[in-house]
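The structure appears below as structure tokens.
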Amino acid sequence: EYLFITAISYLKVGNEKDSIRIFKKLLKLNLYQYNDKAYFGLYLNYYRLSNKKRIEEIRTLFKTRYKNSEFYEKVLNFNND
């Protein structure tokens, strides 16, 4: 849980680089309860960085793997233009 809170904290203060690093570290642990949250955090970071390629990759991931996630609608409906 501390990794998730740390990644969110970095995101909130605009430190996308460290936030992305921590979210990726959390994903490597493969903790089911945090996977969709970590991907959503990455999505928000990539949105801030205007990384359209990564945004689309995560949208596709949510469409195929995380349809039941609480973040599914947010990812699909988030404005990335």
Side-chain angles (χ1 to χ4, degrees):
E1 187 170 323
Y2 77 93
L3 286 175
F4 181 71
I5 293 169
T6 302
I8 291 294
S9 297
Y10 281 134
L11 176 64
K12 284 189 168 203
V13 299
N15 186 344
E16 290 86 6
K17 181 182 175 185
D18 285 328
S19 180
I20 289 169
R21 181 179 54 81
I22 299 295
F23 278 126
K24 286 182 175 181
K25 187 174 184 177
L26 185 61
L27 286 169
K28 283 185 179 184
L29 295 174
N30 199 26
L31 302 171
Y32 177 78
Q33 67 271 29
Y34 288 105
N35 283 348
D36 63 336
K37 293 175 185 164
Y39 278 117
F40 185 64
L42 287 172
Y43 182 86
L44 294 175
N45 277 294
Y46 292 137
Y47 177 81
R48 283 188 178 176
L49 297 171
S50 300
N51 189 330
K52 293 185 184 233
K53 179 183 176 195
R54 296 285 185 215
I55 290 169
E56 271 312 307
E57 288 173 357
I58 293 173
R59 278 186 172 189
T60 300
L61 184 67
F62 269 85
K63 288 177 186 177
T64 58
R65 192 183 298 173
Y66 296 110
K67 290 181 181 179
N68 295 323
S69 168
E70 65 183 291
F71 302 106
Y72 179 77
E73 291 295 324
K74 292 176 184 177
V75 168
L76 296 185
N77 296 321
F78 203 80
N79 183 5
N80 70 343
D81 296 329

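- For Phe62, the ring pair (Phe, Tyr, Trp, His ring centres under 6.0 Å) partners at least two apart in sequence or on another chain are Tyr66.
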Which donor-acceptor pairs under 3.5 Å do the side chains of residues 8-20 make with protein atoms, sequence neighbours left out?
from  : atom 1 : to    : atom 2 : distance (Å)
Ser9  : OG     : Ile5  : O      : 2.8
Asn15 : OD1    : Asp18 : N      : 3.2
Asn15 : ND2    : Asp18 : OD2    : 2.9
Asp18 : OD1    : Arg21 : NE     : 3.3
Asp18 : OD1    : Arg21 : NH2    : 3.3
Ser19 : OG     : Ala7  : O      : 2.9
Ser19 : OG     : Asn45 : ND2    : 2.9

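- Judged as a side-chain hydrogen bond (donor to acceptor under 3.5 Å, both in side chains), and not counting sequence neighbours, the contacts of Glu73 are Asn77.
- Partners of Arg65 by side-chain hydrogen bond (donor to acceptor under 3.5 Å, both in side chains), not counting sequence neighbours: none found.
- Qualifying side-chain contact (heavy atoms from CB on, under 4.5 Å) partners for Lys53, counting only residues two or more places apart in sequence or in other chains: Asn51, Glu57.
- Within the model, atoms OG1 of Thr60 and CG of Leu76 stand 9.5 Å from one another, a figure rounded to the nearest 0.5 Å.
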Under 3.5 Å, which donor-acceptor pairs link side chains of residues 24-41 to any protein atom two or more places apart or in another chain?
from  : atom 1 : to    : atom 2 : distance (Å)
Asn30 : OD1    : Asn35 : ND2    : 3.1
Asp36 : OD2    : Ser69 : OG     : 2.6

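- Of the inter-residue distances, the one linking Thr6 atom OG1 with Glu1 atom CD reads 10.5 Å to the nearest 0.5 angstrom.
- The shortest non-hydrogen separation linking Lys63 to Tyr72 is CA-CE1, 3.9 Å.
- Between Tyr43 and Ile58, the shortest heavy-atom distance links the atoms N-CD1, 3.6 Å.
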